[in-house]
Amino acid sequence: MSCTSAPALDTLAAELRRRGHEAQLIAPDGREPWLAVRNPQVPMLAETVLAHNDWFWWPWRDRIGPADDVPAAADRVLRVLAATSGDGA
């Protein structure tokens, strides 16, 4: 992973928090960082975001979007975490 993954994830976290979601950068010693994101209205809607080679990724290795387009990446993350009428929201 790129040494710039933590700053990229931190920038995405700030954008997601600005939009009302919970986002926490997790950076354990000796491991690559990741972002824990949660919909505060429906806490069971939560996901992990990674950063690698100038892209944001889901843990199942699908690209979310380029790290230099944080608003678009945030849009995609929020679509995945959006509450629908069947979610209890």
Using residues 63-74 as the side-chain source, report each donor-acceptor pair under 3.5 Å to any protein atom, sequence neighbours left out, with the distance given to one decimal.
| residue | atom | partner | partner atom | Å |
| --- | --- | --- | --- | --- |
| Asp69 | OD1 | Ala72 | N | 3.4 |

As an exercise, state the distance from [atom1] of [X] to [atom2] of [Y], rounded to the nearest 0.5 Å.
X	Y	atom1	atom2	result
Ile26	Glu32	CD1	CD	14.0 Å
Leu16	Leu35	CG	CG	6.5 Å
Trp57	Leu50	CH2	CG	10.0 Å
His52	Ser5	NE2	OG	9.5 Å

- Tell me, with the steps shown, if Leu25 and Trp34 meet side-chain contact (heavy atoms from CB on, under 4.5 Å). CA-CA 6 Å; Leu25 180 64; Trp34 68 87; over 6 Å; no

- Task: Please report the closest heavy-atom contact between Ala8 and Ala51, naming both atoms and the distance.
- Result: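 Closest heavy-atom pair between Ala8 and Ala51: CB-CB, 4.5 Å.
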
- Return the minimal non-hydrogen interatomic distance between Leu81 and Asn39, and the atom names on each side.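 Distance-wise, the nearest heavy atoms are O-ND2, 2.8 Å.
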
- Task: Output every pair passing side chain to side chain donor-acceptor pair (under 3.5 Å) with a member in residues 8-21, not counting sequence neighbours, ordered by first then second residue.
- Result: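 Residue pairs passing side chain to side chain donor-acceptor pair (under 3.5 Å), neighbours aside: Glu15-Arg18, Glu15-Arg19, Arg19-Asp75.
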
- Query: Looking at residues at least two apart in the chain, or sitting in another chain, which of them share a salt bridge (charged side-chain N to carboxylate O under 4.0 Å, His left out) with Glu47?
  - Reply: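 Glu47 satisfies salt bridge (charged side-chain N to carboxylate O under 4.0 Å, His left out) with no other residue.
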
- Evaluate side-chain contact (heavy atoms from CB on, under 4.5 Å) for Arg76 paired with Trp58, printing each intermediate quantity in order. CA-CA 11 Å; Arg76 185 149 185 220; Trp58 299 115; 4.1 Å; yes

- Task: Could you verify whether a donor N or O on one side chain and an acceptor N or O on the other, from Asn53 and Trp55, lie under 3.5 Å apart?
- Result: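 Note: Asn53 and Trp55 side chains miss the donor-acceptor criterion.
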
- Message: Quick one, Val49 and Leu9 - any side-chain contact, counting heavy atoms below 4.5 Å?
- Response: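 Yes; the side chains approach each other to less than 4.5 Å.
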
- Item | Positive for side chain to side chain contact (heavy atoms under 4.5 Å, CB included) with Arg38, one of Glu22, Gln24, Met44 |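 Option passing the side chain to side chain contact (heavy atoms under 4.5 Å, CB included) with Arg38: Glu22.
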
